[in-house]
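Worksheet: the structure to be examined is printed underneath.
To find a chain, count down the sequence lines: A is the first, B the second, and so on, and within it residues start at 1.
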Amino acid sequence: MASFYLLKHSAVHTTLLQWYETEGRQELPWRLTRDPYSIWVSEIMLQQTQVKTVLERFYFPFLERFPTLQDLAHASEDEVLKMWEGLGYYTRARHMYRAAQSLQHELPQSVHELMRLPGIGRSTAHAIAAFAYQTPVPILDANVKRILYRFFGKKRLAEKALWDLAYQLFDEEHPFEYNQAMMDLGSLVCRARDARCHHCPLHSGCTAAKTDPLNFPEKKQKRAVPIRRKDIVVITCKNRYALKQRTSRFLKGLWGFIEYETNTCSDEKKLGALIQKYSHFHLHADVYIRHEYDDTYDYFTLEEICKLPLSQADIKIVNMLK
DNA sequence: AATACGTGGCG
DNA sequence: TCGCCAAGTAT
């Protein structure tokens, strides 16, 4: 079975590897290390996040603060979230922290064991197994998926079918380089909004390249993003400000100012307004300040607040206070 | 299967 | 400017 596919795609494998040697991004720091923990950090950060953002703002500071799995496990959740501040999808950080605390020494090596850890699904488990432990398994991320849709000329595929194709095209002889090459090809050549087929090593065998590659896969229709209105009240007393730590799923663990659905008292002083765009709604908030003491909340100085993990919306409010 | 979940880069 | 969407997971 495996040798059949190897034979079937050997020409593809050869040209892909040649392309990777000259055009690949071999200098990415998580490709230069063999440390499974560092590779794990990179894989979690890179979920739904551009390489540029992780590379320039988050990967190195996080690893400097938490150089090892043990350092992460022994930190506080506030510290971990603070290093994640601005990266978004904060559940990733809390899951990684929880996983670190559950591990005695190092990450497990098998796809199956990796998938049992919080925050590691099928895609990340394959990536860690492939990149940290050189396990001969294919990866399947957004880049690889797009290549598969186009190469095999499919408009829509279920997850199962995508994994089947990933295994079909996989180069068992050069698993590590093949996987990295596929990521780079999807990121640099076979791009979502720009298929540069004339630069693609898989061009001759690609179905969609012969027609309209940008229409593979079929684009999904998306609903309009709803707007949510809120009033945010900065409650202040003696140069300190009231904050509470969020406990519901949205921005869980982060600290923030007090929010109301809308239309609180009118005698309050207005500080300003803000718009924050989230993935599933847009927040339009008016921000007020009120002098009082309410022992429901914890109070912090501006200096202390800046050391707490905050959402981008709350950071905008902090800047109104400066 | 569909939806919630952040933020910012880029065309 | 504005919408797309980027190395997905959990429920």
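Side-chain atoms of A/Q180 and A/R31 include a donor-acceptor pair closer than 3.5 Å. No side-chain donor-acceptor contact under 3.5 Å links A/D298 and A/Q245. No side-chain donor from either of A/S110 and A/E113 sits under 3.5 Å from a side-chain acceptor of the other. Side chain to side chain, A/Q109 and A/T135 fail the donor-acceptor criterion of an N or O pair below 3.5 Å.
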Task: Protein proximity profile, nucleotides 6-11 of chain C - base contact B, sugar-phosphate-only contact S, no contact -, cut-off 4.0 Å on heavy atoms - done: BBBSS-
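Spacing between atom CG of A/L214 and atom P of C/dC5 amounts to 10 Å, rounded to whole angstrom units. Rounded to an integer number of Å, the gap from CZ of A/F281 to P of B/dT3 is 17 Å. With rounding to whole Å, A/H280 atom NE2 is found 13 Å from B/dT3 atom P. If you take NE2 of A/H282 and C1' of C/dT1, they are 13 Å apart, rounded to a whole angstrom.
Nucleic acid contact for A/I44: none, since no nucleic acid atom lies under 4.0 Å from a heavy atom of the residue. A/K222 comes within contact range of the sugar-phosphate backbone alone, with a heavy-atom separation under 4.0 Å but no base atom that close.
Within the 4.0 Å cut-off from OP1 or OP2 of B/dA4, at least one side-chain nitrogen or oxygen of A/R223 is found.
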Task: Worked verdict on A/F250 versus A/Y278 for ring-ring contact (aromatic ring centres under 6.0 Å, His included) - done: CA-CA 11 Å; A/F250 183 62; A/Y278 298 105; 5.0 Å; yes
Task: side-chain hydrogen bond (donor to acceptor under 3.5 Å, both in side chains) assessment of A/R150 paired with A/T211 - done: CA-CA 10 Å; A/R150 291 176 181 171; A/T211 58; over 6 Å; no
